[in-house]
Amino acid sequence: MKAQGRSRVRAFVAGAVGAVLAFGVAELVHGLYAGVPSIFVAISQTVIELTPGGFATRAIETLGQADIPVLITSMVVGALTVAGLLAILSLRSEIGALIGVVVLGVIAVIAAFTEPAFDPVATIATIVGGLALGVAAAEFLLRSAGLRSEELAPEPREAEAPPTMDVRSREAHARGGMEVGRRNFLLLSGGAAVAGLAAAGAGRTLSVGRAQQAAPRPVEIPGRGAAGSAVTHQTLPPPSADASIDAPGMPPLITPAKDFYLIDTALTSPRVEASTWMLTVGGAVNNPLKLSYSDLLSMSTRESDITLSCVSNEVGGGLISNGRWTGVLLSDVLKEAGISPGDVGRGSPAEQLVGRSVDGWTSGFKTELALDGREALIAFGLNGNELPIEHGYPVRLVVPGLYGYVSATKWLTEIELTNWDFDAYWIQRTWSKEGPIKTQSRIDTVKDRDSLQAGNVPIGGVAWAPHRGISRVEVSTDGGETWNEARLAAQLDDDTWRQYAYDWNARPGEYELQVRATDGEGNTQTAKEAPPHPSGATGYHTVRVTVA
Ligand SMILES: Nc1nc2c(c(=O)[nH]1)N[C@H]1C(S)=C(S)[C@@H](COP(=O)(O)O)O[C@H]1N2
Ligand SMILES: [Mo]
């Protein structure tokens, strides 16, 4: 029994080491040649995509934040476990184990083929080669552990045997295999595992180095400033000073690109070349279009200040940022495609505008929202520079007033007009079909559990109700019993957040600070608390402080 247990452990180790080598080599090939996707990332990505809605949706929606380490760890543990179990299985049925390996290979191929861009021959070769190496290594370890001899010999006195450094120990030969002592088995497996990890590490380093984007370049529009053209390129003046309130902790009015919140389902951002990028505008349009990057830049462009927010943002959370976007009006492109407002009403075949990404991700919203005068953009610039890769380079959608999950497709490659039946990525995963951004406000200058000095304390932050604008912000210092009018910075745009501050004369005591905003239509945000799922969090941001 004991000997059998030990065989199993060794077989498991052999299989796991084989998996490390297989993934290590695949990762190294990926590092050396971008045409082969990271098989590990591809499989993890497929796991994300296949995870159904409900419980998992929040975890996935916020993958951009903290859950990647969790996912990677479970993927590694899962892969090693499967490989280890297959090696144990191979002790009884080599055919069974081999079938298992083939199944793994097929899964890897399918996963890799869902990656945006790859070289199929090299990818298959890498998967087959990696698996072959992994199997060979596991097989070698199984043999050197004496687990491939005709019958499993008991392991006599091995513990007492003096440790020996020669791999092909005589003692092992005597029993018909090439069994090595425990220490040598550990050395061999450890060495192979280290080699696999080194290959993986080298591959990662190479691919990360390749993915590093030079600092985003300034947006350059050929022909900007040319006289006598029907095409216009509208830029914005710097925000006026009165659009910002100066208080410690207040977020900048326009979020620097490097601080812009990041949410997507991509484990690694797709790399799309602007020179080969194409946008298809199709579906229920009269005049299907194919636009290159330079086609897009030869249309009228504009800058627009638009606050983007994630539906997963908790009350008081940071999944919201304000950008100065450069792009082409979605309505101009739809016009070129032969769409007019009369074509997109309820029940029409063009009722929904679906944005598709190179990675297959989709968003969808009422087409009429792109035609009602709001500055919905096909955007290629953020804060004067080209889009950062992780924010959708070269081109994405930005629609004022809608949460990102229904509208803000990054790495945009296709716009399809279709009827309302189609459900986009997060809708299939149980989030609301329509995603208007809810009126919300946040206290930034004071943090929960702060201990403050008595005296003047500015309670300030941001309030937002994009496309409706903010007309009023009130602050309570007594948990919502009474409310004080906050002063408002000038509204940069109805599509952006608005800064506010209330100058509080704080006296010693314990306080519950709250904020509430009223939008441009006169509706005050609801006090009713709701979680982000399925249509966005509500309730008042509450901060408890002690004043001494
Ligand atoms: N291709 C792609 N586009 C996407 C997503 C995604 O997962 N894939 N996530 C969306 C969501 S949920 C949000 S909130 C915004 C976030 O944009 P940002 O990362 O630039 O802030 O992008 C949207 N666009
Ligand atoms: Mo989102």
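Because only heavy atoms are used, hydrogens play no part in the values below, and waters and symmetry mates are left out as well, while side chains stay in. Counting starts at 1 for both ligands and their atoms, in listed order.
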Please list, in number order, the atoms of ligand 1 under 4.0 Å from a heavy atom of Y405.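 Those atoms are 11 (C), 12 (S).
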If the cut-off is 4.0 Å to any non-hydrogen atom of C310, which atoms of ligand 1 fall inside it? 14 (S)
Please determine whether any non-hydrogen atom of A266 lies less than 4.0 Å from an atom of ligand 1. no
N or O pair under 3.5 Å between [X] and ligand 1:
X    : result
W411 : no
T265 : yes
K410 : yes
S357 : yes
D264 : no
F260 : no
S309 : no

Y500 ring centre to R498 NZ or CZ under 6.0 Å, with the angle to the axis within 45°?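 Verdict for Y500: no cation-pi partner in R498.
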Assess, by modelled atom type and distance only, whether the side chains of K438 and S535 contain a donor and an acceptor separated by less than 3.5 Å. yes
With distance as the sole criterion, is a donor-acceptor pair present between the side chains of T542 and Q514 under 3.5 Å?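 Yes, a side-chain donor-acceptor pair sits under 3.5 Å.
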Just wondering, are more than 12 heavy atoms of other shown residues or ligands nearer than 6.0 Å to CG in D372? yes
Can you tell which of L417, D421, T418, V344 makes a side-chain contact (heavy atoms from CB on, under 4.5 Å) with Q352? T418
Could you grab the distance from atom CD1 of I389 to atom CZ of R271, nearest 0.5 Å is fine? 3.5 Å
Donor-acceptor pair, S471 side chain versus D519 backbone, under 3.5 Å?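 Present.
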Using a 4.0 Å heavy-atom threshold (strictly under), name the region of [X] that reaches ligand 1: side chain, backbone, both or neither.
X    : result
D359 : side chain
L308 : side chain
Y261 : both

Heavy atom to atom 23 (C) of ligand 1, shortest distance: which of A408, G435, S269 holds it? A408
